[in-house]
Amino acid sequence: MATQEDYFGATQQAFLVGWAPVAIFIMATAGFGLLYAGMVRKKNVSHTIIMINVGWTLAFFAYFIIGFPLAYYSTHPILGWPEWIPTIANPLPPILSESGAYGIAGSPSGLGDMALWFKMSMFMITALAIVPGATAERDQLWGWVIAAAVIAIIIYPLIEHWVWGGGWLSTIGYIDYAGSSVVHLTGGMLGLTAAFIIGPRIGKFVGKDKTPRTFFGHSIPWAVLGAWLLVFGWFGFNIGSSTATDPETINMELAWVSITTAMCMAGGLFGAALTSRGHVLTSMIGLLSGAVAICSGAHIMHPIWAFVVGIISGVLTTFTVGFLEHKLKIDDALAVFPVHGACGIWGVLATGIFGAKAIGAHPIYGFELEEWGYRFVVQLVGVVAIGVTIAILGLILFYLLNKAKLLRVSKDEELFGLDISIHKTYAYPEEMMDKNE
Amino acid sequence: MATQEDYFGATQQAFLVGWAPVAIFIMATAGFGLLYAGMVRKKNVSHTIIMINVGWTLAFFAYFIIGFPLAYYSTHPILGWPEWIPTIANPLPPILSESGAYGIAGSPSGLGDMALWFKMSMFMITALAIVPGATAERDQLWGWVIAAAVIAIIIYPLIEHWVWGGGWLSTIGYIDYAGSSVVHLTGGMLGLTAAFIIGPRIGKFVGKDKTPRTFFGHSIPWAVLGAWLLVFGWFGFNIGSSTATDPETINMELAWVSITTAMCMAGGLFGAALTSRGHVLTSMIGLLSGAVAICSGAHIMHPIWAFVVGIISGVLTTFTVGFLEHKLKIDDALAVFPVHGACGIWGVLATGIFGAKAIGAHPIYGFELEEWGYRFVVQLVGVVAIGVTIAILGLILFYLLNKAKLLRVSKDEELFGLDISIHKTYAYPEEMMDKNE
Amino acid sequence: MATQEDYFGATQQAFLVGWAPVAIFIMATAGFGLLYAGMVRKKNVSHTIIMINVGWTLAFFAYFIIGFPLAYYSTHPILGWPEWIPTIANPLPPILSESGAYGIAGSPSGLGDMALWFKMSMFMITALAIVPGATAERDQLWGWVIAAAVIAIIIYPLIEHWVWGGGWLSTIGYIDYAGSSVVHLTGGMLGLTAAFIIGPRIGKFVGKDKTPRTFFGHSIPWAVLGAWLLVFGWFGFNIGSSTATDPETINMELAWVSITTAMCMAGGLFGAALTSRGHVLTSMIGLLSGAVAICSGAHIMHPIWAFVVGIISGVLTTFTVGFLEHKLKIDDALAVFPVHGACGIWGVLATGIFGAKAIGAHPIYGFELEEWGYRFVVQLVGVVAIGVTIAILGLILFYLLNKAKLLRVSKDEELFGLDISIHKTYAYPEEMMDKNE
Amino acid sequence: MKKVEAIVRNDKLSFIKKALADSGFSGLTTYEVKGRGKQSGIIQILNGTKIFADLLPKTKIDVVIKDSNLDKVLELIIANARTGSIGDGKIFVSDVEQVIRVRDGAKATEDEEII
Amino acid sequence: MKKVEAIVRNDKLSFIKKALADSGFSGLTTYEVKGRGKQSGIIQILNGTKIFADLLPKTKIDVVIKDSNLDKVLELIIANARTGSIGDGKIFVSDVEQVIRVRDGAKATEDEEII
Amino acid sequence: MKKVEAIVRNDKLSFIKKALADSGFSGLTTYEVKGRGKQSGIIQILNGTKIFADLLPKTKIDVVIKDSNLDKVLELIIANARTGSIGDGKIFVSDVEQVIRVRDGAKATEDEEII
Ligand SMILES: Nc1ncnc2c1ncn2[C@@H]1O[C@H](COP(=O)(O)OP(=O)(O)O)[C@@H](O)[C@H]1O
Ligand SMILES: Nc1ncnc2c1ncn2[C@@H]1O[C@H](COP(=O)(O)OP(=O)(O)O)[C@@H](O)[C@H]1O
Ligand SMILES: Nc1ncnc2c1ncn2[C@@H]1O[C@H](COP(=O)(O)OP(=O)(O)O)[C@@H](O)[C@H]1O
């Protein structure tokens, strides 16, 4: 007969599988797609959406087949050959532990961790969805399909294994609850390297002193909707990252995580609105910055500090945008690194700072005052290790694609717009097309 | 060891925290933002969205710190100093009752009612999101930030305390399940007073006899999407308002509430479509009118009556719009009072009318035939008390803001549009901006 | 005292009622509405949305009152008079079985299967939402209101009874988990017959050899958003179709269904993108094709086969579009039959092909190798029976409406656009209207 | 015949339109444009602070009329478009040789009433 | 050279466009406008009931041509734009002094073939 | 006075605009159009493959100027709009009889400085 714990586990699984990944599904793809679509010029809208959709094709399949086993079914601290890989004969992932792992209760059916398989693929797809924002309005489709497959097969699983799959960072106590570094820093840093290699859009930097110029997006409402869909998905992310396996923990964790997530977003929105005369796009970006920053310590930080961390995230994003454009002269088209990279780093560090119980952190998950120094150093080591690793892998990957002429479109294609030149369509076809006679 | 009830409570909490407030989150802010954005002219789209976002800044924080304790942690029938207010040292709200309260099962973790804290803030944000619709296309940003903070700190918690926090209305048996009056009448009446004080938009009333003139919105698809997001959120509202703490109740309540909510919305849509040649915007507004009206008695009314109540709501909204414009000459720009005020009142009264078991109300929650008169009088007293209180507080608040020149923009700003004059942007920047050289 | 099973059932009900139908709600109406709105020309946008909304009016009410009892409360193999029909005095549907049915655990409250009542109405509304896509840009409003009521009262419940309500198809072991045939083939075939009877749009087929001409839709972003909302809802559909009543099954079923659904969608997107130079609208349609195909066997097919089935669906849709336009010269305006009809049929057959355990189907739900032939024949018989029945009923229904001059608008109305001529509005009113003086 | 092309503030369209119709000039064609006036990088003075916006949205109204009505129409447009501030707009007048009504092919060179 | 400005029903554009191209007049520029014709507050008669709509969406087509082709072009446009009902549109013809091709700066004052 | 109507690639607007302003021609009006040039069914050669697109989005710029400035303005536009490939656009020049400033009713027939 099924035990009480089984019932509980089954319901939790119903909830976490039924709700969390589906919310992220919408988030990673529709949200990013529409946010980015609103931020690009009319001539590139369709292309921008399809670049985000790429996560939902080969990459998704490839992560299932190879990436996921690499991340979770090896015990090597860095990366090892997985003990299990799905085949037609043996398709189901073995259960990771008796009590389940990573938010999914152990399956009483004995059918294995399919739910985990699903949820984790959604995180991967989100990391993928971040990247093409940096290279928007000048990137090729098929080059990115290849890059996405490589990321899904090896680059993302590497970091995932380190932090969530039992690798070296998890051993030393590195904290990244819902992916400030695994998902966002990875995505943001890949974007930055891609933007660096692909070069700026035609006309981005003007004159001898390379003054950066703003290309205005075609629609604020689309960007706003995309951002809100992301916010929706973020609760899937953060709540879905619960590792709770008993009633007490779930109570403590889910409510706490929900509130800190909301608070940090509100702080980000407030900070960004204050510094931009209430500019709506900047404010929404601020909201997302707060959301990125809280991922790492959502289960640990006090709600009031979460609000403060959010305000800082909003300001940090604006500062980083300026730094990239004016100092480094890198054309990160849709502010991918400022939001996901910079605030991802900040979130990991903030967890080391605000995670002490003495200043109001979670009474169970927070750490003691005496651990403060150690914890901060671990967070710093982790975030530097991840950032540098991804930067190197990203530079290699995009350098090779660039050499193979798979990264950037031709000058003509860029000027005409990617929609018509690559995909033979316009985003608003009725207004712009009429080739029937 | 955790008891069976603990498991149940934990799962329910997971569900109600994980799903309900998040759905409302989208509703209150994205839904209203996009609904309103579609209904205003192109020159005011960004401003309209940012006005709705205001709920997600200081107001959210302020409600957490002060408003929520005022509403729930005092035993005074009108308003008293709360027994608990969050601090860094003592951040967690004590549990309201052993069995929990307001839809959230008592937390076995002993960590307190964080989940309630979160859910209730979402209701407050919804009430806030209603208001700027009435003053759209002519209102200042910072004046509304102040007003929103005042509403979040004291005005909304006052009514909330009366009805849901143990105040005098809850004592005499007033029924408002999911906020027809607490949320919608409060928001709608605040909007009406604000619209009255701020005065009509330039050109709204033409000539000596002040004939009202329609300003057509810029996009029906955006308004439609906003309305559907609100509908989505409404199920978060209504299902999330469950106070069920055992399996039987949850079965009886959730299904019943879902169906009456859907039925009343369908009735509203049908009624509004019938009277408008199937005009899509009017129909969607009718759907929302039905949704407002059902909040009060969603757990009590028979589905068939809910459909009827919906049809009446749809018609009532149209009638009230005409009355405000033609008789009172008040420019409630986006029909905030007709939808939320008038249908909020109607919903509260309808609960008194259709709540008797004898005519098919819920076999457990419905009241007996002999209570009919008393119940109706209580509903009437409650709704009048709330309406009048809010009207007075609203008039004072907006009168003071107006005196301080914080309410309305200048004539020039209004003519140029609030997007460019206040926020230095356009809603469709690529089409309209080009200041790079 | 409540038993453990009660607790489990109650929570599952909370989840399945609270989440699944609400997700579908958005799907059936907002998703289809916006997908179709993006695919039609600017002059027909409002009308297209309102046609989808029709499901949410009389049809919804009528299904509740008559259609649902017909489908589930009769034991006749074809169609019989129901044992229960709701009245004011006796409003609640009796429980179908002790353990509940169709994904909703038996209600310990004794209040009956209200939740089932609700969920099943959402499936019906989805079938309704499919149809007007085929007749878009030339169909009357009130004719469709009548057709929708007829479909909700008798046509859809007939098929539903055969497959899910204990009718003859369920007896012989026909498998349609979440509606590839009940919902999609029904909707798609009704659409095809309607498109055939109503005739092509003015200018669709040009010249003597009737060359088909493309009418470009007005907005790809709206179509993309609509498709993603549908995807979101699809998880409501497929997960919400669970009939699990114990923890083991729920574990086995929900995760499996989630993954096959996602895989088949990804396959569809990949297939369609490959054959269309990454055209974003075609890709999204491919995604939906995959989603339609997987409905039937989502609980049974191996994830890897699901990906393959998806790729085939994407290609099949494109092929069917060409066949209808070039060979049959039928103007199915928004590709309703290619997506819902053709892929619905394909999905049912694929279940017969890929459902054998020997090739990796679900270890419990899959069938044995020796049943293969029988299973495939049953699937074939079922899908032919449903297709032919609906084709005949659809032809009769739309023929009569056409005779009664209720199906198609006048030539002038079609040329001016349905928005202004039927509903006195434009989709972007500010741009296009100005009748105030 | 003359073509009057008036580039005015968006919110003035309905007043101009009504004034023209009231005086019997019903025909007109209008569309949204972006424009820049005398001051490169126009500076709008709003609320005491200067706001910079290079191209501003404007409405263009094209009216074709008989020569004899030119002064009357200009007067009507100016009266209803003017606020007295920068950004009020410009009007261009040019010559039109022929006006043809598609419905029946009638030409205004022969019959000026069709305009 | 002449400029022909035709304001026609939206759904007539593709027919006019095709007809012009078939006769060798490939160059044209087109955009969406809103317009009002002879009847102030045009009344469209649809299905027997009168529907009021002040400004209606129309398509404007600008074609610049050699003087000698004017009649041919007018004829083509009228033939393909006409339904015979109110709302068919108007055509304005005016004079153009110079046509220049940006690609190479060639001027049609010297070489009419570039138009 | 002359009206210069330039139909150019969308992404050339800001360069033309800046060049004109730098030379003192600040006034202009611009809007999005769709156009077709000499080749019916223009074929854009992209990446070696031919891409067919009948109407392409373009930007139209209207500038009204004094006769004496015509050559200068044409030169500025051509210089900043040209890439040398098909699709660079066309410029039409026609005559304008009057220019009126709405703000104060000043007419350019009397005072050319207002243009
Ligand atoms: N020389 C010109 N050529 C074309 N359009 C012009 C010219 N000068 C002004 N305009 C148009 O007129 C509009 C109004 O100009 P504006 O600067 O407001 O006039 P004012 O001189 O009264 O300030 C501009 O936005 C632009 O569209
Ligand atoms: N005098 C005019 N000046 C400018 N545009 C005009 C004028 N008269 C008509 N138009 C344009 O022509 C369009 C068609 O006019 P319409 O009233 O349909 O012609 P008809 O006289 O054949 O009914 C109008 O929508 C308007 O855009
Ligand atoms: N005869 C014409 N009448 C009106 N507009 C024209 C004409 N010829 C060209 N155009 C406009 O000029 C634009 C550019 O034409 P294009 O074919 O690119 O010139 P080119 O001859 O340099 O290739 C077209 O898109 C169209 O809008």
Side-chain angles (χ1 to χ4, degrees), chain A residues 2 4 6-7 9-11 13-15 17-19 21-22 25-26 29-30 33-34 37-38 45-47 49-50 53 56-58 60-61 64-65 86 88-89 91-92 107-111 114-115 117-118 121 141 219 222 225 229 422-431 433-434 436-437, chain C residues 4-5 7-8 11-12 15-16 19-20 23 41-42 206 213-221 224-225 228-229 231-232 235-236 239 242 246-252 254-256 258-259 262-263 265-267 269-270 273 276-281 283-284 287 302-304 307 359-360 363-364:
Chain A
Q4 211 156 323
D6 286 347
Y7 279 101
T11 330
Q13 175 144 346
F15 175 71
V17 175
W19 186 81
V22 175
F25 195 137
I26 291 294
T29 319
L34 298 172
V45 170
S46 291
H47 177 75
I49 295 175
I50 200 79
N53 284 0
W56 271 103
T57 58
L58 212 55
F60 180 62
F61 193 69
F64 266 2
I65 301 296
I88 293 284
L92 300 170
S107 159
S109 68
L111 277 186
M114 292 197 73
W117 204 27
F118 185 40
S121 71
L141 174 61
S219 170
W222 280 115
L225 175 67
L229 291 180
I422 307 191
H423 310 288
K424 289 190 183 174
T425 186
Y426 286 112
Y428 300 91
E430 187 192 6
E431 269 170 35
M433 287 177 99
D434 195 8
N436 286 298
E437 55 249 5
Chain C
Q4 212 158 323
E5 278 74 17
Y7 278 101
F8 180 72
T11 331
Q12 199 196 340
F15 176 70
L16 290 176
W19 186 82
R41 288 167 289 174
K42 233 182 206 172
V206 187
R213 170 183 159 176
T214 310
F215 293 108
F216 292 99
H218 92 292
S219 169
I220 284 194
V224 168
L225 174 67
W228 281 116
L229 290 180
V231 166
F232 187 69
F235 282 91
I239 295 177
S242 166
D246 66 286
E248 274 164 55
T249 332
I250 209 166
N251 262 351
M252 294 182 305
L254 290 192
W256 191 284
S258 305
I259 291 165
M263 274 289 178
M265 287 174 175
L269 192 147
F270 189 53
S276 69
R277 298 171 59 105
H279 190 290
V280 65
L281 187 57
S283 311
M284 296 307 293
L287 188 87
H302 188 275
I304 292 177
F307 192 75
I359 57 165
I364 295 164

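By convention in this document, chain letters (A, B, ...) are assigned in the order of the sequence lines, proteins followed by strands, and residues within each chain are numbered from 1.
- Using a 4.5 Å cut-off on side-chain heavy atoms (C-beta onward), C/Ile259 and A/Phe64 make contact.
- Within the 4.5 angstrom heavy-atom criterion, no atom of A/Ala37 approaches chain C.
- Proximity to chain A (any heavy atom under 4.5 Å) is restricted, for C/His302, to the side chain, taken from C-beta onward.
- Residue A/Trp56 touches chain C through both its backbone and its side chain, counting heavy-atom pairs closer than 4.5 Å.
- Counting heavy-atom pairs closer than 4.5 Å to chain A, the top-ranked of the candidates C/Pro221, C/Gly236, C/Gly360 is C/Pro221.
- If you measure heavy-atom distances from C/Ser283 to chain A, the contacts under 4.5 Å come from the side chain alone.
- Between A/Ser121 atom OG and A/Phe61 atom CZ the span is 12.5 Å, to the nearest 0.5 Å.
- Of all heavy-atom pairs between C/Phe307 and A/Thr57, the closest is CE1-O, 4.1 Å.
- Relative ring orientation between C/Trp228 and A/Phe25 is described as perpendicular, the plane-to-plane angle rising above 60° on a 0-90° scale split at 30° and 60°.
- Of the listed residues (C/Ile359, C/Val224, C/Leu225), the greatest number of heavy-atom pairs within a distance under 4.5 Å of chain A belongs to C/Leu225.
- Using a 4.5 Å cut-off between heavy atoms, C/Val231 contacts chain A through its side chain alone, with no backbone atom that close.
- For the pair C/Met284 and A/Asn53, the minimum side-chain heavy-atom distance is below 4.5 Å.
- Both the backbone and the side chain of C/Phe232 come within less than 4.5 Å of a heavy atom of chain A.
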Apply side chain to side chain contact (heavy atoms under 4.5 Å, CB included) to residues C/Arg277 and A/Ile50 and explain how you reach the verdict.
CA-CA 10 Å; C/Arg277 298 171 59 105; A/Ile50 200 79; over 6 Å; no

